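Below you'll find the structure, written out as structure tokens, and then a few comments.
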Number of protein chains: 2
Amino acid sequence: MALKMRKNKSLQPPAPCLLAECMQVIAGAWAPNVIWCLRSGPRRFSELRADIPPVSAKVLSARLKELEERDVIVRHVRPTSPPSVEYELTEIGQELIPALEGIVRGGHKLKIRSGYYPSKAEADSNLAQALEPA
Amino acid sequence: MALKMRKNKSLQPPAPCLLAECMQVIAGAWAPNVIWCLRSGPRRFSELRADIPPVSAKVLSARLKELEERDVIVRHVRPTSPPSVEYELTEIGQELIPALEGIVRGGHKLKIRSGYYPSKAEADSNLAQALEPA
DNA sequence: CGGCATCCCAAGCGATACTG
DNA sequence: CAGTATCGCTTGGGATGCCG
């Protein structure tokens, strides 16, 4: 009857717990980008603003605060003449990088399959550039 | 050390392209769950509704439509007496599963590090249950 | 059963202006 | 430089009801 492999005992909500848990950290338009930008070392507020497209200061600080509360990043304040603040991934934050890499690779395959790159070489270089440390 | 590894040439927007690309597919509260639930075979509309927490019909159908447009899933209509519709992952959709697994593992480590499980055994079984096929 | 229509709310985000 | 405050828009989402 067509539904051969489906067990009729419902797939109990499979991973929604864990999936949702991590999705909340990852969610939003900017959080993943922040984590991604921090993966190769600490960055300052305005550096993040510049790196991440033009994210508004309000939203960026909101995300940073959230990520800090979740212990994904730490905030270092250096009391210099012009105030300087650095954000850095915690160990917990580092754990998320493989997940983001997975997403990047997934996005890459998506673009290859549907959108199409002009050439495979270009696709590969794009992926390599995306993944390379800095 | 603090800023040792930061190149002062700005980290050009590293992967936002690819990251954002895939994040848009993954984004929203339910899309990842849908893909996750479909990873072990086709499911029908109402099965998905039941499996995924209580997602409203409106939102579920909206997500399904989006995912179909992006060629992540396919819709099979079977013209039986009570109408029956099945959704299934396409090959493109399958490509996303590793990314989701990465997220699940990330969420798992997050819970271990911060929230804490009572015991490691329980943590492991939780992860295993989340990842097991069906 | 599957799914669209309507209403309505809350969160996310951007822009601008302002402070320490 | 590193934010906070305010405003207003746009989306995602829940609830309910109706239709094929």
Side-chain angles (χ1 to χ4, degrees), chain A residues 1-3 6 8 10 13 16 19-20 23-35 37-38 42-70 73-88, chain B residues 2-3 6 8 10 13 16 19-20 23-35 37-38 42-70 72-88:
Chain A
M1 29 98 88
L3 14 154
R6 183 187 333 131
N8 32 14
S10 71
L19 227 195
M23 281 304 295
Q24 281 184 21
V25 177
I26 294 305
W30 304 122
N33 267 286
V34 170
I35 299 174
C37 283
L38 289 176
R43 300 288 281 169
R44 291 173 46 186
F45 186 85
S46 50
E47 289 178 317
L48 288 172
R49 269 204 77 178
D51 286 343
I52 302 217
V55 59
S56 66
K58 171 190 149 188
V59 174
L60 180 56
S61 72
R63 292 298 135 248
L64 288 171
K65 199 178 297 182
E66 276 186 24
L67 291 173
E68 192 191 359
E69 280 168 9
R70 294 174 195 263
I73 62 177
V74 272
R75 207 175 88 116
H76 296 294
V77 183
R78 206 166 339 121
T80 52
S81 32
S84 170
V85 182
E86 279 196 347
Y87 294 89
E88 190 174 4
Chain B
L3 24 152
R6 182 186 336 127
N8 32 15
S10 73
L19 225 196
M23 280 305 295
Q24 282 183 22
V25 177
I26 293 305
W30 305 122
N33 267 287
V34 170
I35 298 174
C37 283
L38 289 175
R43 301 286 282 168
R44 292 174 45 189
F45 186 87
S46 49
E47 290 178 316
L48 288 172
R49 269 205 78 182
D51 285 343
I52 304 211
V55 59
S56 67
K58 170 192 149 188
V59 174
L60 179 56
S61 70
R63 292 299 137 248
L64 288 170
K65 196 178 298 180
E66 276 187 24
L67 291 173
E68 193 189 0
E69 281 168 8
R70 294 173 195 264
V72 174
I73 62 176
V74 272
R75 209 175 87 116
H76 298 293
V77 182
R78 207 167 337 125
T80 52
S81 33
S84 170
V85 182
E86 278 196 347
Y87 294 90
E88 190 173 5

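Naming: A, B, ... by sequence-line order, numbering from 1 per chain. The figures that follow rest on heavy atoms only: side chains count, while hydrogens, waters and symmetry mates do not. Because the structure is a prediction, the values reported are computed rather than measured.
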**Report entry** By salt bridge (Lys or Arg N to Asp or Glu O under 4.0 Å) - contacts of B/R63 (at least two apart)
**Finding:**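 Listed in chain order: B/E66.
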
Report task. Assign a letter to each nucleotide of nucleotides 7-20 of chain C from its 5' end: B, base within under 4.0 Å of a protein heavy atom; S, sugar-phosphate only; -, no contact. Result -> B----SBBB----B

Query raised in the report: So do B/L48 and B/L38 actually touch side chain to side chain, heavy atoms under 4.5 Å?
Result: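 Yes - at least one pair of side-chain heavy atoms lies under 4.5 Å apart.
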
**Report entry** Within-4.5 Å side-chain heavy-atom neighbours: B/V34 and B/L60
**Finding:**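 Yes; the side chains approach each other to less than 4.5 Å.
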
Under the side-chain contact (heavy atoms from CB on, under 4.5 Å) test, residues paired with [X] that sit two or more places apart:
| X | result |
| --- | --- |
| B/S56 | B/K58, B/V59 |
| B/E68 | B/I73, B/R75 |
| B/A57 | B/F45, B/R49 |

**Report entry** Shortest non-hydrogen contact between A/C37 and A/R43, atoms and distance
**Finding:**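 Closest approach of A/C37 to A/R43: O-CG, 3.9 Å.
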
Query raised in the report: OP1 or OP2 of C/dC4 sitting under 4.0 Å from any side-chain N/O of B/S61?
Result: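 Looking at the OP1 and OP2 atoms of C/dC4, one of them is under 4.0 Å from a side-chain N or O of B/S61.
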
Query - B/E88: partners by side chain to side chain donor-acceptor pair (under 3.5 Å), with sequence neighbours left out - result: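 With sequence neighbours excluded, B/E88 shows a side chain to side chain donor-acceptor pair (under 3.5 Å) to B/H76, given in chain and number order.
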
Report task. Tell me, please, the opening and closing nucleotides of DNA chain D, 5' to 3', among those with an atom under 4.0 angstrom from a non-hydrogen atom of chain A. Result ->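 The contacted stretch runs from D/dC1 to D/dC7.
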
Query raised in the report: Separation of B/R44 atom CZ from C/dG2 atom P, in whole Å?
Result: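 Distance check: B/R44 CZ to C/dG2 P gives 5 Å.
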
